[in-house]
Amino acid sequence: MEHRHGSHPVGSQQLNHANAEHAGHRPHGRPAGPAAPPDDEHVVHRHGQHAGHSVAMFKNRFWVTLALAVPVVFFSPMFGQLLGYEPPAFPGSAWIPPVLGTVIFFYGGRPFLKGGLNELKARTPGMMLLIAMAITVAFTASWATTLGIGGFDLDFWWELALLVDIMLLGHWLEMRALGSAQGALDALAALLPDEAELITGSGTEIVGVSELRSGDTILVRSGGRMPADGTVIEGQAEFDESMITGESKTVLRAPGDPVVAGTVATDNSLRVRVTAIGEDTALAGIQRLVAEAQASSSRAQALADRAAAFLFYFAAGTGVLTFIAWTLLGSVPDAVERTVTVLVIACPHALGLAIPLVIAISTERAARAGVLIKDRMALERMRTVDVVLFDKTGTLTRGEPELKGVAAADGTDRDGLLTLAAAAESDSEHPVARAIVAAARGRDLPVPQASEFTSLTGRGVSATVGGRTVRVGGPALLRELGAEEPPDLAAVTAAWRDRGAAVLHVVDGTTVLGAVSLEDGVRPESRQAVVALQRRGIKVAMITGDARQVAQAVAAELKIDEVFAEVLPADKDKKVAELQARGLRVAMVGDGVNDSPALARAEVGIAIGGGTDVAVESAGVVLAGNDPRAVLSMVDLSRASYRKMWQNLVWATGYNIIAVPLAAGVLAFAGIVLSPAAGAVLMSASTIVVALNAQLLRRLKLNPADVG
């Protein structure tokens with residue numbers, strides 16, 4: 001089936017304290033999703049100079065062209081003259097450079113000729129047009145020399161072969177290093193099942209999701225994924241909505257509650273009335289936001305393209321002036337030779353390798369530090385970021401509940417209270433239960449064996465511990481039992497709730513023995529990351545769907561500059577746009593489907609590698625782990641690589657600024673004229689310099705633990 005972009009805003013998350021009202025079941029983990037990582041050998045770039053070109057195409061053309069270039073260079077009289085040897089002569093040997101050079105021009109040069117034509121039509125000259133101009137002029141002049149037309153000595157076959165081959169190598173390195181970020185929409189569509197169980201007058205019927213209509217009633221079984229948006233009309237279940245909200249807590253959905261396409265009913269079956277299908281679902285709305293945000297962020301022009309545009313105008317202008325000047329001096333042959341030399345050497349090999357080499361080394365160094373760079377512009381933009389916007393859950397925090405406090409009523413020991421709670425929860429696999437048991441074991445408390453364990457859906461758990469009936473649960477459990485907190489305990493739990501903690505009571509019969517508080521634990525690395533970013537002059541903001549008091553507690557602990565709390569899925573994208581409207585350049589760090597539009601909208605989208613496929617595909621940068629300090633590695637790498645890019649571009653363009661006027665003959669009156677052979681030698685030297693300079697990036701330390 002086809003999943004189309006929706007046109008409706010994402011619905012409400014309907015947040016609640018699911019940690020408190022747990023039911024002792026196993027939550028389903030986030031789906032890995034069927035979307036495989038993109039094959040970098042067959043990636044098709046949809047924007048910019050690589051439009052319609054795959055990594056495999058550049059790689060294959062490079063190797064074929066290299067094989068053809070070797071005999072072209074070896075049998076070239078000009079190259080032999082440079083190195084002081086005489087190419088072997090035999091019948092037909094003189095035709096080896098022109099014949100193979102022609103194959104190289106049309107086969108290896110085709111991507112550049114096609115790309116140059118597209119840039120010319122769009123009136124946006126860049127690298128492709130610069131390369132196309134140089135190889136076309138070299139090809140025409142070389143054939144004129146080979147055929148003896150005009151008496152010119154412009155044998156550029158070897159230069160044509162090397163130029164095409166080096167440019168193919170540069171583009172191959174660049175595209176291989178970058179990968180692709182075009183799979184986000186496919187990953188979103190993969191969250192939906194292909195079929196649904198429709199309830200009819202005679203029972204149930206399996207139908208395709210595309211056959212569902214608003215108003216239909218469907219059966220969603222335990223472990224099943226919602227095929228459409230709807231409202232629960234019978235039954236209740238804990239829903240895993242992490243793939244939509246990014247929040248790790250399961251959420252209880254009962255009759256009257258909304259449920260969203262792509263989410264999972266983890267413990268019970270229920271009946272749902274369909275309210276939105278296809279492009280009207282919340283998931284499709286997120287798809288639309290991702291598509292819009294990706295389109296809006298694809299218009300920037302890369303640094304190398306700007307340099308190439310400058311060199312194109314510089315070379316073309318100089319070529320025209322050269323031809324006019326030498327023609328007026330009465331030497332048309334010299335005018336043609338000088339002009340051709342200018343146009344050929346105006347496209348330096350160094351420019352074709354300056355940026356790709358830096359990117360290739362940068363991405364390799366980043367990968368070793370656990371940072372996968374998928375978008376070249378993300379690497380360039382990170383150095384300009386003014387604010388890093390972190391999603392809270394699973395990024396700055398662990399995304400799992402952590403025991404924070406234990407309060408016992410009069411006459412109850414705190415360790416004894418925690419022991420009872422852990423024993424009652426020990427047979428539950430709910431995240432809250434695991435947190436309580438882990439806390440007891442972390443304090444080396446003996447956890448006795450419980451019996452008669454029962455899950456109380458939406459209220460808590462019950463078990464027999466040492467002959468006592470112990471229940472652990474939230475407010476719903478107390479209401480059901482008619483139990484009340486002692487005043488001294490109520491004061492403590494009220495303070496916990498004020499900071500957004502989930503509060504669970506431990507009850508023996510109808511007597512409240514005490515309570516425990518659980519919060520999403522803050523990562524120790526987060527504190528270091530926030531301080532280090534602020535030290536670099538970058539603001540830190542946090543965004544979350546959690547309640548404001550929860551967000552404020554985390555922000556206060558980490559000393560975060562700005563907080564966006566209680567943010568619905570669609571509004572995460574809007575908050576990024578809001579920051580950008582203030583003139584701030586934003587890097588967004590997130591891990592959920594609801595983060596995907598924001599990741600795509602931000603100047604730099606950084607996905608946590610443990611997050612959903614969609615978040616990973618929407619981002620320009622992926623962190624292999626959950627360490628937020630890796631963002632610092634990205635900042636430092638971006639600043640260092642940008643310096644190297646500029647150094648290489650200054651060298652490459654500096655060569656042109658000096659060599660092109662000399663080739664044009666501005667110092668001919670003094671007897672100084674740059675011959676085509678000498679220009680080619682200088683061009684090769686320039687290439688070696690930028691290659692060595694790019695290698696210096698390997699000295700940069702990017703281990704997150706070492707970045708301060």
Side-chain angles (χ1 to χ4, degrees), residues 9-21 27 30 188 191 226 229 238-253 257-264 281-283 285-286 289-290 389-401 431-432 497 499-502 518-523 526 540-556 558 560 562-579 586 588-602 605 607-608 610-612 614-615 618 628:
V10 177
S12 169
Q13 287 177 286
Q14 300 249 334
L15 299 171
N16 64 22
H17 291 290
N19 274 351
E21 300 181 322
R30 292 180 180 174
L188 277 170
L191 289 178
M226 285 296 304
D229 289 359
E238 294 272 354
F239 267 77
D240 176 8
E241 299 184 348
S242 59
M243 66 290 300
I244 298 295
T245 66
E247 303 301 325
S248 59
K249 299 180 292 185
T250 55
V251 180
L252 179 67
R253 295 302 186 198
D257 290 338
V259 285
V260 180
T263 58
V264 178
T281 62
L283 187 61
I286 295 176
L289 290 171
V290 171
L389 179 62
F390 285 98
D391 175 54
K392 180 184 77 69
T393 307
T395 305
L396 293 176
T397 63
R398 299 183 188 279
E400 297 178 352
V432 168
R497 291 190 186 94
R499 59 176 280 120
L518 297 105
E519 299 179 29
D520 191 0
V522 173
R523 298 180 187 278
S526 297
V540 179
M542 184 180 75
I543 190 166
T544 180
D546 280 350
R548 184 164 301 279
Q549 63 266 34
V550 177
Q552 292 292 355
V554 174
L558 295 177
I560 286 174
E562 188 168 1
V563 179
F564 300 101
E566 300 176 358
V567 180
L568 299 178
D571 293 338
K572 288 197 174 184
D573 176 57
K574 294 175 184 176
K575 292 301 180 183
V576 172
E578 179 183 313
L579 288 170
V586 183
M588 169 71 187
V589 186
D591 68 341
V593 171
N594 67 309
D595 299 327
S596 302
L599 290 170
R601 175 79 63 186
I608 300 296
T612 63
V614 182
S618 300

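Since the model is a prediction, treat every value here as computed from it, not as a measurement. Computation of the quantities below employed the complete heavy-atom set of this structure, encompassing side-chain atoms and omitting hydrogens, waters and symmetry-equivalent molecules. In what follows, residues are counted from 1 in the order of the sequence shown.
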Can you give me the closest heavy-atom contact between [X] and [Y], atom names plus distance?
X	Y	value
M226	V260	CB-O, 3.4 Å
V586	A602	O-CB, 3.5 Å
M542	A551	CE-O, 3.3 Å
D573	P597	OD1-O, 3.4 Å
P628	R523	CD-CD, 4.0 Å
A555	V563	CB-CG2, 3.2 Å

How many angstroms lie between atom [atom1] of [X] and atom [atom2] of [Y], to the nearest 0.5 angstrom?
X	Y	atom1	atom2	value
D595	L389	CG	CG	9.0 Å
L579	F564	CG	CZ	4.0 Å
E566	D571	CD	CG	11.5 Å

- request: In sequence, state the C-alpha distance, the side-chain angles, and the governing distance for E519 and V554, and then conclude on side chain to side chain contact (heavy atoms under 4.5 Å, CB included).
  value: CA-CA 10 Å; E519 299 179 29; V554 174; over 6 Å; no
- request: Pick out which of V589, I560, V522, D391 makes a side chain to side chain contact (heavy atoms under 4.5 Å, CB included) with L396.
  value: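 By the side chain to side chain contact (heavy atoms under 4.5 Å, CB included) criterion, L396 pairs with just one of V589, I560, V522, D391: I560.
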message: Donor-acceptor check, side chain of T397 to backbone of K392, threshold 3.5 angstrom: yes or no?
response: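 Checking the backbone N and O of K392 against the side chain of T397, a donor-acceptor pair under 3.5 Å is found.
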Expected output: side-chain E562 to main-chain A541 donor-acceptor under 3.5 Å: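 Absent.
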